[in-house]
**Q** 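A single structure is presented below for examination.
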Amino acid sequence: MQHYTMNLTLKVWRQKNSKSQGAFETFQVKDISSEMSFLEMIDVLNEQLVSEGKEPIAFDHDCREGICGMCSMYINGRAHGPWHETTTCQLHMREYKNGDTIVIEPWRASAFPVIKDLAVDRTAFDRIIAAGGYISVNTGNAVDANCLPVEKQQADDAFAAATCIGCGACVAACPNASAMLFVSAKVSHLALLPQGEPERKKRVVNMISQMDTEGFGSCTNIGACEAECPKGISLENIARLNREYIGSMLSGSATGV
Amino acid sequence: MNWKLYFSTSVGKKIQMALTGLFLIVFLIVHCYVNAQIFYNDNGVRFTEAAHFMGTNFLIRATEIGLFGFLILHIVQGLSLYFANNSKRPSRYAVSAGNATSKWYSRSMALLGTLILLFLVMHLYKFWAPNRWSQLSTGHELDLYAAMREEFQIMWVVGVYLFGCFSLAWHLVHGFYSAFQTLGLGMHRYKGMIKAVGVGFSIIVPLIFAAMPIAFHFHIIN
Ligand code: SF4
Ligand code: FES
């Protein structure tokens with residue numbers, strides 16, 4: 001594709017901290033290359049702001065190659081922009097043309113309070129993991145891997161679920177701000193493996209309870225999460241989480257948890 | 001954890017919605033079957049027979065109490081989920097994804113459900129309540145066939161019924177699939193099948209219901 005440059009209007013959400021009221025601020029950026037990534041375009045804007053003596057836009061990013069899940073931006077109504085199974089850092093400016101206006105918002109959910117501008121606090125996810133997303137490993141020598149046979153399909157499904165990068169796009173995209181896709185991916189990848197067996201019955205319940213406590217909404221099977229997940233986590237994982245939950249309900253300990 | 005706690009988490013509430021929803025789906029099948037007897041066009045003989053059985057059989061009447069219980073649970077739980085979920089994003093997006101990532105009816109279940117509820121209040125007021133009242137006070141059932149024939153001459157009543165069926169159809173398209181997904185059956189192996197059966201059900205049942213006022217109004221049956 002031919003390389004080209006463009007001038008853009010950006011409407012970016014600015015917010016001082018979680019307590020303050022935010023508002024949109026409009027910026028113009030010039031000579032943006034079609035080869036740039038979306039975050040590089042924001043870098044250009046920030047350099048411009050710094051050289052003008054203004055406060056740069058705060059946004060999260062780390063790996064810039066689609067694996068860390070930090071680059072949360074809600075771009076023109078879409079989590080991580082319009083490309084399928086793509087994080088913001090992998091979105092490239094060839095998506096846009098000269099004269100376009102782009103509206104950039106933070107993830108909006110009460111469980112993800114805004115830290116500043118586009119950066120949100122996703123530690124709620126960490127607390128959900130801490131509530132049950134772990135396995136018990138006894139100390140001592142590592143067990144021979146061949147002692148634990150895992151069926152190929154199970155291993156593949158567990159691996160597919162484990163590709164969740166905890167980016168929170170599912171919450172951002174869900175009309176209910178529910179974290180079910182994330183939780184289902186984390187429950188699934190352990191439920192499918194023998195290593196996850198000991199905590200199986202209480203894991204799902206503890207993680208769901210924590211999800212509720214954190215103030216995420218509840219899942220009504222709308223499916224916007226699956227459509228926006230950069231890692232292609234499937235709704236099948238939510239069905240599995242529901243099965244795990246019902247299993248725990250019917251045969252889990254009545255007194256524990 | 002005990003039953004009460006299990007049913008009160010967000011997934012527990014979802015299971016309540018699914019189970020009550022499936023019960024209501026079974027009710028729709030029975031209701032539709034009984035009412036479809038009018039299409040024999042035998043001046044309501046078979047319909048009245050079936051309605052008499054439904055109105056007097058002890059087991060059916062006992063189930064009716066359960067039906068109202070489940071219906072109320074479905075409504076109360078559904079509305080409270082709607083308001084709770086609505087409060088989880090106090091600051092709204094300036095631009096939203098709309099239909100790009102999800103279907104309008106799956107996002108509008110509370111609205112569609114409320115429309116069905118409004119229809120239902122009128123429907124019960126017109127047929128169910130007077131009939132039960134007459135059973136209580138006089139020991140006799142009303143001639144529901146005649147009542148239908150009379151009511152469905154009125155244009156706006158037919159209109160409200162058609163609108164009720166329309167809302168029901170869209171509510172079912174999402175609700176049918178959703179109930180099975182909630183019960184954990186949404187794996188690839190079943191998903192296509194459940195969706196297809198769900199869409200078929202959501203078209204056929206409301207269509208049969210909709211045909212009733214139309215048939216009376218246009219004297220296709222009399
Ligand atoms: S499920 Fe997908 S969208 Fe949700 S946190 Fe994981 S990777 Fe991100
Ligand atoms: S910056 Fe790591 S996924 Fe985008």
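Every chain is numbered from 1 and lettered A, B, ... according to where its sequence line falls, protein lines coming before strand lines.
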**Q** Report, by ascending residue number, the residues of residues 105-124 of chain A in heavy-atom contact with chain B at a distance under 4.5 Å; give 'none' if the set is empty.
**A**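 Within residues 105-124 of chain A, the residues that come under 4.5 Å of chain B (heavy atoms only) are A:Glu105, A:Pro106, A:Trp107, A:Arg108, A:Ala109, A:Ser110.
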
**Q** Decide side-chain hydrogen bond (donor to acceptor under 3.5 Å, both in side chains) for A:Thr220 and B:Tyr82; before the verdict, give the C-alpha distance in whole Å, the side-chain angles of both, and the deciding distance to 0.1 Å.
**A** CA-CA 9 Å; A:Thr220 57; B:Tyr82 169 76; over 6 Å; no

**Q** Could you measure the distance from the NZ atom of B:Lys88 to the CG atom of A:Asn176? Nearest 0.5 Å is fine.
**A**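 Reported to 0.5 Å precision, the distance equals 10.0 Å.
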
**Q** Go through it in stages, so that I can follow the logic: the residues are B:Thr9 and A:Asp212, the test is side-chain hydrogen bond (donor to acceptor under 3.5 Å, both in side chains), and I'd like the CA-CA distance, side-chain angles, deciding distance and then a yes or no.
**A** CA-CA 7 Å; B:Thr9 66; A:Asp212 294 347; 4.6 Å; no

**Q** Applying salt bridge (Lys or Arg N to Asp or Glu O under 4.0 Å), can you list everything that pairs with B:Arg107, at least two apart in sequence or on another chain?
**A**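 Per chain and number, B:Arg107 pairs via salt bridge (Lys or Arg N to Asp or Glu O under 4.0 Å) with no residue.
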
**Q** Looking only at heavy atoms and a cut-off of under 4.5 Å, which of B:Leu185, B:Thr101, B:Leu183 has the most pairs with chain A?
**A**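 It is B:Thr101.
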
**Q** Where on B:Ala84 is there a heavy atom nearer than 4.5 Å to chain A: the side chain, the backbone, both, or neither?
**A**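 The answer is neither part of B:Ala84.
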
**Q** Enter the distance from A:Ser209:OG to B:Leu5:CG here, rounded to the nearest 0.5 Å.
**A**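 Output value for this atom pair is 8.0 Å.
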
**Q** Which value, rounded to the nearest 0.5 Å, describes the distance between A:Leu250 atom CG and B:Tyr6 atom OH?
**A**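 Reported value, rounded in 0.5 Å steps: 9.0 Å.
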
**Q** In terms of heavy-atom pairs under 4.5 Å, which option from B:Asn86, B:Leu81, B:Thr182 contacts chain A the most?
**A**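 Option with the greatest count: B:Thr182.
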
**Q** Kindly compute the distance separating CD (A:Glu236) from NZ (B:Lys191), expressed to the nearest 0.5 Å.
**A**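 Going from the CD atom of A:Glu236 to the NZ atom of B:Lys191 covers 7.5 Å.
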
**Q** Hey, what do you get for CG (A:Asn221) to CE (B:Met17), rounding to the nearest 0.5 Å?
**A**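 With rounding to 0.5 Å, CG (A:Asn221) is 11.0 Å from CE (B:Met17).
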
